[in-house]
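Just so you know, these numbers use all the heavy atoms, side chains as well, and skip hydrogens, waters and symmetry mates. On a predicted model such as this, the values are computed, not experimentally measured, just so you know.
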Number of protein chains: 2
Amino acid sequence: MPNQNRPAAEMPDSASAQDTAQAERFNQARAAQAVAVLEDYAEMIGDLIEELGEARVTDIAARMGVAHPTATKAVARLKREGLCTSRPYRGVFLTPAGAELAERVRARHRTVVDLLIAIGVPPETAELDAEGLEHHVSDTTLAAFDAFLAKQPPR
Amino acid sequence: MPNQNRPAAEMPDSASAQDTAQAERFNQARAAQAVAVLEDYAEMIGDLIEELGEARVTDIAARMGVAHPTATKAVARLKREGLCTSRPYRGVFLTPAGAELAERVRARHRTVVDLLIAIGVPPETAELDAEGLEHHVSDTTLAAFDAFLAKQPPR
DNA sequence: ACAAAAGTGTAGCCTTGGCTTTATTTGACC
DNA sequence: GGTCAAATAAAGCCAAGGCTACACTTTTGT
């Protein structure tokens, strides 16, 4: 195909501006998904450290609902991203960057759950859905959620 | 992507009931992600058929922001799931099941965007975030969104 | 102190969903 | 009716994130 090889990032000139914008949305959603899992693991490690003083791979795996090698792999990715540290046969600890991420994720999670409940979603369902939703809430939207909640009559 | 050929991961007896519940939430979020991409493609194919009368692989790829082989693979998965049909070098068409899915996804997308805007999210951001959010909105939450919107003063 | 149990690590496999490269088919234009 | 560009397909690579199986530490209990 005379389809010139162009860098993946580039949009075909043939694509309309509208197509490009929509494609960009999908790409953004995919990018969000790429960090979602790491965020969950970081948050979980933060929770475990707070509760138990340390995060063990087995505990992480149990709470995430995965096999322990999966948790080990996730920890390796987190280490590669500079979000946590670990030594063989010892616990996992968050770096400052990791702790900051975990706190941010946790706050966002709370906001999302609260907003869903404020909208009228049953608390149990809110908790369930928030797990998937939270990773796709942009800063702008999160701010709007907070503003909405602030205006709400306290229940 | 959660792998679906696993023999029903056994829950360790050692895991507390709370751990198990949380793990279940994560597993559910992962399962939602598994169908998210297919939903997007189905919706896109529906859009293209409506606009152009048929959906070509190249158009699908351009709008989704992926290379054509990626779109071809997605079509193959959709066919495997019984959601669309296609013949070599011919367009892609939705089965009744696929069309139904596309319509459902489209309606959900609209509801999510409308809700975000009602909450106070800028329309542009709402559209952007909805792309990622919609796949994690359960039927229960969607109903709550609709109910909330129905109560809202029309703008 | 030492054996068993529990925890951790490593290796290797799978599917998804991206990508590029290369080959083939179609269709449009002269 | 032939040629050529565009569309499609096919093959093969990659990383992520699951899994099992097995090896090796560390901890624990007698």
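- The CD atom of Glu54(A) sits 14 Å away from the P atom of dT26(D) (whole-angstrom rounding).
- Closest approach to the Lys73(A) side chain among dG17(C), dG18(D), dC19(C) is made by dG18(D) (side chain taken as heavy atoms from C-beta onward).
- Between His136(B) and Gln28(B), the side chains place no donor N or O within less than 3.5 Å of an acceptor N or O (distance only, hydrogens not considered).
- Contact annotation for Ile60(B): no contact, since no heavy-atom pair falls under 4.0 Å across all strands.
- With a 6.0 Å radius and a threshold of 12 heavy atoms from other residues, nucleotides or ligands, Glu124(B) has its CD atom at or below the threshold.
- In terms of phosphate contacts, Tyr41(A) brings no side-chain nitrogen or oxygen within less than 4.0 Å of OP1 or OP2 of dA16(D).
- Under the 4.5 Å side-chain heavy-atom criterion for Ile, Leu, Val, Met, Phe, Trp and Tyr, Val105(B) and Val112(B) are members of distinct hydrophobic clusters.
- Residue Ala74(A) is out of contact with every strand shown, counting any heavy-atom pair closer than 4.0 Å.
- Between Gln33(B) atom CD and dG18(D) atom P the separation is 11 Å, expressed in whole Å.
- Contact detail for Val92(B) and Cys84(B): the closest heavy-atom pair is CG1-SG, 3.9 Å.
- Across the protein-nucleic acid pair, Leu38(B) atom CG and dG18(C) atom P stand 10 Å apart, rounded to whole Å.
- Side-chain atoms of Thr141(A) never come within 3.5 Å of backbone atoms of Val137(A) as a donor-acceptor pair (strictly under, hydrogens ignored).
- Donor-acceptor pairing under 3.5 Å is lacking for the side chains of Glu43(B) and His109(B).
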Using the 3.5 Å cut-off, write out each protein N or O paired with an N or O of nucleotides 6-11 of chain C and the distance between them.
| residue | atom | partner | partner atom | Å |
| --- | --- | --- | --- | --- |
| dG7(C) | O3' | Arg56(A) | NH2 | 2.9 |
| dT8(C) | OP1 | Arg56(A) | NE | 2.9 |
| dT8(C) | OP1 | Arg56(A) | NH2 | 3.4 |
| dT8(C) | OP2 | Thr58(A) | N | 2.9 |
| dT8(C) | OP2 | Thr58(A) | OG1 | 2.5 |
| dT8(C) | O3' | Tyr89(A) | N | 3.4 |
| dG9(C) | OP1 | Tyr89(A) | N | 3.4 |
| dG9(C) | N7 | His68(A) | NE2 | 3.2 |
| dG9(C) | O6 | His68(A) | NE2 | 3.1 |

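- For His135(B) and dT16(C), the NE2 to P distance is 17 Å, given to the nearest whole Å.
- Using a 4.0 Å cut-off, some side-chain N or O of Arg30(B) falls inside it from OP1 or OP2 of dG18(D).
- Contact annotation: Thr70(A) side-chain N/O to dC19(D) OP1/OP2 distance is under 4.0 Å.
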